[in-house]
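Within every chain, numbering begins at 1; the chains are lettered A, B, ... in the order of the sequence lines, protein sequences first and strands thereafter. Bear in mind the structure is a predicted one, so any value in this text is a computation, not a measurement.
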2 protein chains.
Amino acid sequence: MSTIDAKKDNTRPTGTLGALVEAQIEQDIVEGRFLPGDRLDEENLATRLSTSRTPIREALRKLAANGLVTIRPRSGATVSRPSLALVIDLFEVVSELEAFAARLAAQRATDTQLAAIQIAHEDCERLSQSSDAGAYFNANLVFHGAIWSASNNVMLAEQIGTVNKRLAPYRRQITFHPTRKQDSQSEHSQIANALANRKPDVAEKAMRDHVMILSDDALQLARTLRL
Amino acid sequence: MSTIDAKKDNTRPTGTLGALVEAQIEQDIVEGRFLPGDRLDEENLATRLSTSRTPIREALRKLAANGLVTIRPRSGATVSRPSLALVIDLFEVVSELEAFAARLAAQRATDTQLAAIQIAHEDCERLSQSSDAGAYFNANLVFHGAIWSASNNVMLAEQIGTVNKRLAPYRRQITFHPTRKQDSQSEHSQIANALANRKPDVAEKAMRDHVMILSDDALQLARTLRL
DNA sequence: TTCGTATTTCTTGTATACAATAACAAAAAT
DNA sequence: ATTTTTGTTATTGTATACAAGAAATACGAA
């Protein structure tokens, strides 16, 4: 995610310590080193990142505003653990947003952007054969991110990024399953095709279906894994 | 907004001072007492709200995460003043989200929820005649909020709320214009009708058109007013 | 043993002190 | 007069100290 997600945040990425701390904790959550429900002890984090509690607190508050962290007053912060109902809602929202991004991309993407999508798609194809699950996961993100970006709507891309971070733990699980990779790639092909031919309706529907299938599988997996 | 927007935030509304401060500043921005571009001096706010800088800073960081405030490192916080391009993008996103909410509401709203929408619509009708612009603005929010809520997707309602807060200064301007009220009400009628008859496609399209018209007018007004 | 209660400890919330840097102003040079 | 440079001021960023409350533990009673 880090590569494509150079989102123009409202606080410059570099410069202040708090921003670095925030980025660090966010990465730890999104990349699965902190799991949903994990306690985020301020002093603990402060010593681990060798700062005081102040930047930690500010980072945690910002992450809470984005939904990645849940703060119970006077009782501490934990990695958010949304109920199944909320996860379903989040997937529903993101499928609609990504579908809209696909539609816009079909209408507005520059040829360069379309080419980037195509390349990302081919990378996915290639890596779907390989055994490097992590690499495939990243390539997958690049493909989706190329489409968000090609929508040429900055706020839309930002929103999708935010929601997806909250879903990262669940998306991760499913993308790593080998059986899903096959189907996923064929769905990607349909999307890439529709975009290349600039068919907004087709692209939108293909993307919505793709994310909804992903959602169903992720939720089923989450249930069996008692996640 | 405050009435319908009892959103289940990740930090309890009451209890901590920081949360109160945040709510206060957010209100000041959304309700137009702080304008886009206004400087938000920490010490200033601290004395005005009779606390120390610490809760102020935490509140500002959270508001920045939601996009309402922009923080330039070592240079202070201001009320966000998105470029015209970004405002267009935001309207595009919110029109799609609200359209989706209308679709879901047509599919899933309980009869009680549909009744609430109907009542909110009638309140709008009544107040559109009156000269109390503020009251009409609020009734308008209640109508829209009733639909978000009737989508029965908590995350969708939350997202729409967040984006709308960022657009509040622009939406405010246009809703207050008398000529717009007429058209707006007829559009509301179409939406309310589609929902009452549970026609998802019609409701979705009516809502999207409604918000897009609002967007166009708001942007045109913003241009003439050099907002 | 188990439940309830009181006490203790530990973590968070708030205030303040200090350090660093950006904005501002004044002065000098072109 | 304008621009550059330098010094001053003011505001933010970070660390720490203290207060208040929640969680954990130990103790006592049933």
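Checking D:dA23, D:dT12, C:dT12 against every side-chain atom of B:Arg39, the shortest atom distance belongs to D:dT12. Closest to the A:Arg74 side chain, of the nucleotides C:dT11, D:dA22, D:dG13, is D:dA22. Minimum atom distance to the side chain of B:Leu17 is reached by C:dA15, of the listed C:dT12, D:dT14, C:dA15.
One interatomic measurement links the two molecules: CD of B:Glu43 to P of D:dT12, which rounds to 8 Å at whole-angstrom precision. Note: CG (B:Asp41) to C1' (C:dA23) measures 13 Å, nearest angstrom. Here D:dT14 presents its P atom at 11 Å from CD of B:Glu42, a figure rounded to the nearest Å.
Look at A:Ser75 and you'll find a side-chain N or O under 4.0 angstrom from OP1 or OP2 of D:dA23. Contact annotation: B:Arg72 does not reach the phosphate of D:dG13 (side-chain N/O to OP1 or OP2, under 4.0 Å). Residue B:Arg61 places none of its side-chain N or O atoms closer than 4.0 Å to OP1 or OP2 of D:dT12.
By the 4.0 Å N-to-carboxylate-O rule, B:Glu26 lies too far from B:Arg33 to be salt-bridged with it. Between A:Arg208 and A:Glu204 a salt bridge is recorded (basic side-chain N to carboxylate O distance below 4.0 Å).
For DNA chain C, the neighbouring residues in residues 49-59 of chain A, judged by any heavy atom under 4.0 Å, are A:Arg53, A:Arg57.
A side chain to side chain contact (heavy atoms under 4.5 Å, CB included) with A:Phe91 is found for exactly one of A:Leu86, A:Leu167, A:Val163, A:Asp216, namely A:Leu167.
The aromatic rings of A:His144 and A:His210 sit parallel, their planes meeting at an angle under 30°, below the 60° perpendicular limit.
In plain terms, the two heavy atoms of A:Ala59 and A:Val21 that are nearest each other are CB-CG1, 3.8 Å.
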Query raised in the report: Can B:Thr70 and B:Ser80 be said to form a side chain to side chain donor-acceptor pair (under 3.5 Å), step by step?
Result: CA-CA 5 Å; B:Thr70 297; B:Ser80 288; 2.7 Å; yes
